[in-house]
Amino acid sequence: MDIKETLLKGIVAAVEQAVAEGVFPSDQCPEIILEVPPQKEFGDFATSFAMKAARAYKMNPRKIAEELASRLQGDWLEKTEIAGPGFINFYLKSDVIYDQLAAIIAAGSEYGNLNQENPPKIQVEYVSANPTGPLHVGHGRGAAAGSALVNLLRAAGYDVSSEYYINDAGNQIDNLAASVNARYLELLGKPTEFPENGYHGQDIVDTAKRIIKKSGDAYLKLEAAERLEVFKEVALQEKLAALKEDLAAFNVEHDVWFSERTLHPDAVKDACHFLQENGNVYEQDGALWLKSTAYGDDKDRVVIRDNGVPTYLAADIAYHRDKFVRGFDKVINIWGADHHGYICRVKAAVKALGYNPDDLEVMLLQMVSLYRNGELVKMSKRTGQSVTLAELIEEVGTDAARYFFIMRSLDSQLDFDLDLAKSKSNENPVYYIQYAHARICSIFRQAAESGLTMAARPKLELLTDESEITLIKKMAAYGEEIAYAASERAPHRIARYAHEIASDFHSFYNRCRIMGVDTDLAQARLALVGAVASVIRHSLGILGVSAPEKM
RNA sequence: GUGGCUGUAGCUCAGACGGAUAGAGCGGUUGCCUCCUAAGCAAUAGGCCGCAGGUUCGACUCCUGCCAGUCACACCA
């Protein structure tokens, strides 16, 4: 069992004993929280329990600490100290950490994967950009963060399904077809007015060119409406293929691609009927309205327009109903910050459908601002002037782009410095981590050459250097970090962790040598750095960043 | 106007249900390659944690108000 849990149980037992002896009052026991102290002189773990309990117990905190410490036992415990206003500091026996290291080594590449009994089913829907043009950098943040979150949740033992919602119904798709049509006519020398809400990107021109290359002017003979239908399908298939290609190049893969069209008309109608029967929609001015105000929205929202066409919300209601019908315990949507006003009505819809709105978690990504040469790069999807994800990957590479997107908390606006990300130098944090991994691989290559082998049972207790102890403790904390980061939905914590362990390793590397020291010590160190490499690989794997063996 | 997010070192940002001297990277200064990758290490300078109140033994963290930046407030998607 994890040493922290063991310690926690020991403390609980000590408190219970004190209560049984009448030293502590029987009720009002505050929660016991163990933390790693800010300084190593304060021990391996500490708790502020005594200070928290002081009020409830009406006792002096130092007295509480003494009573607790005197009842705490365990052969893994070196000593306890009471410090400051009433902190209890715990010092573990040194062999405890060697047991931990041995367990980490034994777990191998599985170390960092947590097991949960009856893991909750979680769905993560992310990117879901309209299939009307290439992905741009904003989608890139969603793609990186979403896939990292999926990896993180899986490592934490959840049963996760990732999904892309394809908005392949509605006006924007008609605009896509009309845009392709306009380019088609234009290229064939039959100038036409470009649709007002059309897409101006080069990709639309390219699609038109490919159509001409394949079929020439054959489609000119068709009625306009027929031609638009054909172009709609061609364009949609091309866009979807391009999206998948862009995402694949970015180490992003969705388990399910969900087409909005499949919701029309039946699922949308069913959902509306359902809401009608439980009285959550009403008709007014010829339209059908969701009573979202009953669930905290500012105003009611139209679901079916007066012309009989369902709104985007109608499809989303049907879609979210479908998600819950599929049996997910938690449904996570990753949206851009510009959609925040939409959350309330979807949650209202979820509640109106009879599900718990708290089971729908919407994570908002704040905006990305690109900087090049110190200047803001303006983005506009309409005019096709934006920097696309493909261009970003081309410019800075998948590893750097993913790391830059993930390393910041999702709810802080991101300034993405292109010049920094593409600089293949020490300014770039992703290389720092990868370099640590490459160095370890290099050590193993050298060891193999010089005949140094891994010991079956390395003498880990020889690892007594400060930097070695730091590394072991850092690795021992990885599981907890995974669990916490997953529960907080905070993949950036893993980026941080990876950087920290890389830093601990580089520090070790400069203090301790492996080749040329006593064989037992060398083998122990080899085992240590092997574990470090494994943990770095695991954490980079969550981030979707490669772990090169040479740099 | 209403709502969301943000405001911490020169710059970009971390900071676990309130706790012991507020952290990292970049940038600055100073050292370290006869030795496993110097894309590295070590040391050092740099902070009214936006402002003002409040709660508490204790507040960057919680509450209230204000200021600033940003995104959004459709029978568009």
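The chains referred to below are lettered A, B, ... by the order of the sequence lines, with proteins before strands, and numbering in each begins at 1.
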Sidechain N-carboxylate O distance under 4.0 Å for A/Lys323, A/Glu125: yes

From B/rA39, B/rU12, B/rG4, pick the nucleotide closest to the side chain of A/Asp415? B/rU12

If you check the A/Arg439 side chain, which of B/rA20, B/rC41, B/rG40 turns out closest? B/rG40

Nucleotide opposite B/rG1 in a Watson-Crick or G-U pair, distances under 3.5 Å: B/rC73

Taking donor-acceptor contacts at under 3.5 Å, does the side chain of A/His499 reach the base of B/rG25? no

Just checking, A/Arg439 and A/Phe505: is the charged tip under 6.0 Å from the six-membered ring centre and within 45° of the axis? no

Quantified in whole Å, what is the C1' atom distance between nucleotide B/rC51 and nucleotide B/rC60? 14 Å

A/Tyr497 has an atom OH; how far is it from atom C1' of B/rG23, in whole Å? 18 Å

Sticking with atom P, work out how far B/rG1 lies from B/rA16, rounded to a whole angstrom. 32 Å

Considering only side-chain heavy atoms of A/Tyr432, which listed nucleotide, B/rC75, B/rG40, B/rG15, is closest? B/rG40

Pairwise P distance for B/rG28 and B/rG10, with rounding to whole Å: 15 Å

Send over the distance from A/Phe49 CZ to B/rG58 P, rounded to a whole Å. 21 Å

Mind calculating the distance between CG (A/Asn510) and C1' (B/rC33) to the nearest angstrom? 10 Å

Side chains of A/Asn333 and A/Tyr165: any donor to acceptor distance under 3.5 Å? no

For B/rU6 and B/rG58, measure between their P atoms and round to the nearest Å. 27 Å

B/rG50 and B/rG69: how far apart are their C1' atoms, nearest whole angstrom? 11 Å

Just to be sure I understand the rule, does A/Asp285 reach a base, reach only the sugar-phosphate, or reach nothing, if contact means heavy atoms closer than 4.0 Å? base

Could you give the distance separating B/rC26 and B/rA43 at their P atoms, to the nearest angstrom? 15 Å

Which nucleotide in the set B/rA14, B/rA77, B/rA39 lies at the smallest distance from any side-chain heavy atom of A/Tyr431? B/rA39

A/His437 side, atom NE2; A/Ser534 side, atom OG - distance, nearest 0.5 Å: 8.5 Å

Any N or O donor-acceptor pair under 3.5 Å from the base of B/rA77 to the side chain of A/Asp338? no

Does A/Ser409 or A/Ile443 map to a spot on RNA chain B nearer the 5' end, using the closest nucleotide for each? A/Ser409

Could you please name the option among B/rC71, B/rU12, B/rC75 that lies closest to any side-chain atom of A/Ala337? B/rC71

Taking a pair as Watson-Crick or G-U wobble with both distances under 3.5 Å, which nucleotide is matched to B/rC36? none

Hunt down the Watson-Crick or G-U wobble partner of B/rA24, both distances under 3.5 Å, from any strand shown, or write none. B/rU12

Watson-Crick or G-U wobble partner for B/rA42, using a 3.5 Å limit on both distances? B/rU30

Closest-nucleotide mapping onto RNA chain B: is A/Glu480 or A/Ile88 further toward the 5' terminus? I mean the 5' end. A/Glu480

Which whole-number value in Å describes the distance from A/Asp504 CG to B/rC41 P? 10 Å

Should the pair A/His320 and A/Trp335 be assigned to parallel (<30°), tilted (30 to 60°) or perpendicular (>60°) ring geometry? perpendicular

To the side chain of A/Met515, which of B/rG19, B/rC36, B/rC41 is closest? B/rC36

B/rG18: pairing nucleotide in any strand, Watson-Crick or G-U under 3.5 angstrom: none

Nearest to the A/Ser442 side chain among B/rC36, B/rA16, B/rC75, which nucleotide is it? B/rC36

So, is A/Ser412 close to the B/rG7 phosphate, meaning a side-chain N or O under 4.0 Å from OP1 or OP2? no

Taking B/rC5, B/rC75, B/rC13 as options, the one with an atom nearest any side-chain atom of A/Val302 is B/rC75

Taking 5.5 Å and 30° as the limits, would you call A/Phe87 and the base of B/rG19 a stacked pair? no

Rounded to whole Å, how long is the line connecting atom CG of A/Leu364 with atom C1' of B/rU70? 13 Å

A/Ala46 has its side chain closest, among B/rG3, B/rA20, B/rA24, to B/rA20

Can you see if the side chain of A/Asn171 gets near the phosphate of B/rA77 - specifically, an N or O under 4.0 Å from OP1 or OP2? yes

Roughly, in whole Å, what's the span from CE in A/Met367 to P in B/rG69? 18 Å

Taking syn as within 90° of 0 and anti otherwise, name the glycosidic form of B/rC33. syn

Could you measure between the two P atoms, the one in B/rA20 and the one in B/rU61, and give it in whole Å? 13 Å

Below 4.0 angstrom from OP1 or OP2 of B/rA77, is there any side-chain N or O of A/Thr311? no

What integer distance in Å separates A/Trp335:CH2 from B/rG4:P? 16 Å

Suppose we define a pair by two distances each less than 3.5 Å, Watson-Crick or G-U wobble; what does B/rA52 pair with here? B/rU64

Hey, does the side chain of A/His492 come within less than 4.0 Å of B/rG15's phosphate (OP1/OP2), counting only N and O? yes

So for A/Glu35 and B/rG19, does any side-chain atom that can act as donor or acceptor lie under 3.5 Å from a complementary atom in the base? no

Other residues, nucleotides and ligands only: do more than 12 of their heavy atoms fall within 6.0 Å of NZ on A/Lys351? no

P atoms of B/rA52 and B/rU8, separation to the nearest Å: 15 Å

Mind checking whether A/Phe416 and A/Phe404 have parallel, tilted or perpendicular rings, split at 30° and 60°? tilted

Per the side-chain contact (heavy atoms from CB on, under 4.5 Å) rule, which among A/Met367, A/His136, A/Arg408 passes with A/Arg141? A/Arg408

Output the rounded distance in Å from CD1 (A/Ile406) to C1' (B/rC13). 16 Å

Using O4'-C1'-N9-C4 for purines and O4'-C1'-N1-C2 for pyrimidines, with syn meaning within 90° of 0, is B/rC17 syn or anti? syn

Taking the side chain as everything from C-beta on, heavy atoms only, tell me whether A/Ile11 gets closer than 4.5 Å to A/Ile88. no

Of the listed nucleotides B/rC71, B/rA14, B/rU70, the one nearest the side chain of A/Gln413: B/rU70

Sugar-phosphate, base or nothing in reach of A/Ala169, heavy atoms under 4.0 Å: sugar-phosphate

